[in-house]
Every structure is written in C-alpha cells, then in structure tokens.
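Here the structure is a predicted model, which means the values were calculated and not measured. Order of the sequence lines sets the chain letters (A, B, ...), proteins ahead of strands, with each chain counted from 1.
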Amino acid sequence: MKRNVRGTMSFTTLGTAALFLAVFLILLVFGARTYQQVAQGQEDNSQARAMLAYLSTSIRGCDDSGNVSVQAGEYGPVLVLGDGSGYAVRIYQANGRLLEEYSAVTAPLSPNMADELGLTETFEVESPAADTLRITTDEGQVLVHVRSGVDVP
Amino acid sequence: MNKQTSAFYLEALLLTAVLAGVILAVTGVFGAARTRSAQAARLTAAVNLAENAAEAVASSSSLTDVQALLGGSVEGDTLTLAQGELTVTLTWQPQDKLVYSEINVWYDTQRVYTLNTAVAVQEVAG
C-alpha cells in the first residue's frame with residue numbers, strides 16, 4: 001500500500017514537472033514570436049516615418065524659386081533640390097536603395113558615392129497638380145505642396 | 001492517506017494554480033503587446049494620411065481640387081476617403097481669406113488622429 005502511494009506521488013511529481021516544462025516552453029515560443037512581431041512593427045513604422053518625413057522635410061527646406069525640380073536620370077526620376085549655387089542634393093533610386101548625393105547639378109550620378117536613405121524598389125515622382133509633388137516609395141506616398149513652384153519635365 | 005501525502009497534493013494543487021495565474025497574466029501581456037503594435041502601425045499610417053490631406057488642402061483653392069488630388073467623395077463641405085482599413089474625413093470651411101480644415105482619420109468608428117489646418121487662398125471657393 002505504501003509502495004503504491006509512493007508510485008502515485010512520483011508519477012504526480014513527474015507529471016507536474018513535465019507540465020511546468022511544457023507550459024514554460026510554449027510561453028517562451030509565444031513570447032519570442034510576439035517580441036519579433038512587435039520589433040518588426042516598430043522597425044517598419046520607423047522606416048516609413050523616417051523615409052517619408054525626410055523626403056518632405058528636404059523639399060520644404062529648399063522651397064525657394066527654381067530650387068526644386070524633377071529630372072529623368074539613367075536610374076529613373078531624380079528629385080533635384082538645389083541651393084542656387086550650381087550644386088544640388090539629388091535623390092534617386094538605384095539597385096533597390098534610395099540614395100542622396102550632393103554634387104554639381106550637371107555631374108553624372110554616382111550611386112557608389114551617394115548616401116543611402118533607405119531601401120525601396122519603388123521611387124516615383126509625379127506632379128498631380130500645379131506646385132505639388134507626389135512621391136511614392138515602398139513605404140507609402142507623401143504629398144508635398146511646393147510653394148515656390150516645381151519644374152517637372 | 002497520511003499527512004505527508006495530503007501536503008504533497010496540496011502543494012501540487014497550489015503550484016498548478018500559480019502556474020495558471022502566470023499563464024493568464026503573461027498571455028494578457030503578450031496580447032496587449034500585439035494590440036499596441038497594431039495601434040502604432042495604424043497611427044503611423046493615419047499621421048501620414050492626415051499630413052498628405054493637409055498638403056492637398058494647401059495646394060487647393062476648392063474642395064473639388066482636394067478631391068482631384070486625393071480622390072474620395074464629397075458631400076456638402078466634407079470629403080470622405082477610404083484608405084484600406086482607415087477612413088479620412090476632411091472639412092472645408094472658408095472664412096474671410098482663410099480656409100479652415102479639420103482632418104480626421106478613423107478606424108471603424110474610432111478616431112485615430114486629428115489634424116487642424118488653415119490656409120490662405122486668393123479666391124475662396126466653396
């Protein structure tokens with residue numbers, strides 16, 4: 001009788017330990033997946049905010065007569081943000097990266113020397129209305145009213 | 001059943017209850033984290049939509065111009081635009097040489113973001 005009770009107690013002890021272990025592992029996996037999802041969401045939000053806000057802020061920063069224009073380049077549309085000195089910040093997409101370089105307006109684009117703003121396969125710049133630019137990237141669209149006017153081919 | 005056995009079972013029962021409580025608490029925290037993450041993504045999208053709508057207002061001289069830029073439907077002085085799970089409503093209220101606009105972004109019936117703007121226009125149209 002005593003041996004039987006001990007056997008039941010050992011079984012219950014092992015069962016409880018196994019239950020604890022199983023629940024611990026399930027919680028660990030569930031928690032890791034939740035954390036991964038939250039971190040990914042944060043990363044996506046930051047990337048979207050950073051890229052779109054940077055584009056609109058850069059345009060507003062040089063919103064002066066004749067400084068904002070769009071050109072067709074060998075890599076697609078190029079957003080040209082000049083300062084009247086013959087040099088300009090040029091923003092364009094090459095090899096899945098959104099790039100920015102400051103150089104002479106007439107100089108050829110050199111993606112190897114440019115700074116990377118983020119990753120995007122899409123970079124479209126259009127003018128849906130007078131003095132307005134709509135820029136589309138993988139992170140979404142941004143609409144900017146250029147008060148001084150914009151030259152679009 | 002002697003005292004030792006009873007104590008063991010009581011202890012096991014107590015531990016199981018504690019485990020169940022911990023599972024409930026942790027699952028609640030994980031669920032809240034996912035909900036907050038979804039809310040943050042929605043807020044980012046809402047802010048972007050509202051800012052674009054504000055720029056459209058700045059570019060326009062009438063609500064029809066705003067509609068041409070953003071799309072959506074106009075009813076009275078309000079433009080309504082559906083964008084995925086979010087809906088944007090934009091009012092156009094001319095007053096003197098200014099146009100006041102309240103931009104709201106909704107998720108179902110819940111207001112996610114509000115942006116108030118005013119722009120000066122040369123010829124205010126209704």
Side-chain angles (χ1 to χ4, degrees), chain A residues 1-2 4-6 8-10 12-13 15-17 19-24 26-53 56-57 59-60 127-135 139-147 150, chain B residues 1-2 4-9 11-16 18-20 22-61 64-71 83-84 117 119-120:
Chain A
M1 186 67 185
K2 217 172 192 178
N4 201 8
V5 170
R6 272 196 184 164
T8 310
M9 278 175 67
S10 303
T12 313
T13 310
T16 310
L19 179 74
F20 270 59
L21 191 67
V23 168
F24 175 73
I26 288 168
L27 282 179
L28 194 72
V29 171
F30 188 54
R33 289 180 74 178
T34 302
Y35 179 73
Q36 187 189 26
Q37 200 180 44
V38 170
Q40 185 64 47
Q42 265 184 337
E43 173 71 22
D44 291 346
N45 290 343
S46 301
Q47 170 85 355
R49 276 199 306 264
M51 189 182 283
L52 298 177
S56 58
T57 308
I59 293 170
R60 286 194 193 103
S127 182
D131 305 337
T132 306
L133 282 178
R134 180 185 284 140
I135 302 169
E139 304 301 338
Q141 281 188 347
V142 65
L143 204 65
V144 186
H145 174 52
V146 187
R147 281 146 184 88
V150 56
Chain B
M1 203 179 276
N2 59 24
Q4 199 182 352
T5 316
S6 301
F8 170 76
Y9 280 121
E11 204 172 294
L13 194 69
L14 195 70
L15 277 175
T16 311
V18 168
L19 182 68
V22 168
I23 291 168
L24 277 177
V26 170
T27 308
V29 170
F30 289 161
R34 284 182 181 222
T35 308
R36 289 287 175 139
S37 179
Q39 281 175 346
R42 211 173 288 138
L43 183 61
T44 300
V47 170
N48 182 236
L49 284 173
E51 284 178 348
N52 283 348
E55 286 296 311
V57 170
S59 299
S60 306
S61 55
T64 314
D65 290 348
V66 180
Q67 187 187 19
L69 275 172
L70 297 175
Q83 287 279 313
T117 186
V119 290

**Q** Between B:Leu43 and A:Asn45, is there a side-chain heavy-atom distance shorter than 4.5 Å?
**A** no
**Q** Looking at B:Asn48 and A:Gly140, would you say the former's side chain and the latter's main chain have a donor-acceptor pair under 3.5 Å?
**A** no
**Q** Please determine, among B:Ala12, B:Ala68, B:Ala53, B:Ala41, the option with the most heavy-atom pairs under 4.5 Å with chain A.
**A** B:Ala41
**Q** For the residue pair A:Phe30 and B:Val26, establish whether any side-chain heavy-atom pair is separated by less than 4.5 Å.
**A** no
**Q** If you measure from OG1 on B:Thr44 to CD on A:Gln47, what distance do you get to the nearest 0.5 Å?
**A** 12.0 Å
**Q** Over all heavy atoms of both residues, which pair between B:Ser37 and A:Gly41 is shortest? Give the atoms and the distance, please.
**A** OG-CA, 4.4 Å
**Q** Identify the two heavy atoms, one from B:Ala33 and one from A:Val38, that lie closest to each other, and give their separation to 0.1 Å.
**A** O-CG2, 3.8 Å
**Q** Rounded to the nearest 0.5 Å, what's the gap from CG on A:Leu143 to CG on B:Leu49? Could you check?
**A** 11.0 Å
**Q** Side chain, backbone, both or neither: which part of A:Leu52 has an atom under 4.5 Å from a heavy atom of chain B?
**A** side chain
**Q** Quick check on B:Leu15 against chain A: is it the side chain, the backbone, both or neither that has a heavy atom closer than 4.5 Å?
**A** both
**Q** Does atom CZ of A:Arg33 have more than 12 heavy-atom neighbours from other groups under 6.0 Å away?
**A** no
**Q** Distance from B:Leu69 atom CG to A:Arg134 atom CZ, nearest 0.5 Å?
**A** 6.5 Å
**Q** Does any backbone or side-chain atom of B:Phe8 lie under 4.5 Å from a heavy atom of chain A? Answer side chain, backbone, both or neither.
**A** side chain
**Q** Between A:Thr16, A:Asp131, A:Val23, which residue shows the highest count of heavy-atom pairs closer than 4.5 Å to chain B?
**A** A:Val23
**Q** Would you indicate whether A:Phe20, at its atom CZ, is surrounded by more than 12 heavy atoms from other residues, nucleotides or ligands within a distance under 6.0 Å?
**A** yes
**Q** What part of A:Val142 lies closer than 4.5 angstrom to a heavy atom of chain B: side chain, backbone, both or neither?
**A** both
**Q** Side-chain contact test, heavy atoms from C-beta onward, threshold under 4.5 Å: evaluate it for B:Glu55 versus A:Thr132 and give yes or no.
**A** no
**Q** If I compare all heavy atoms of A:Leu27 with all of B:Phe30, which pair ends up nearest, and what's the gap?
**A** O-CE1, 3.7 Å
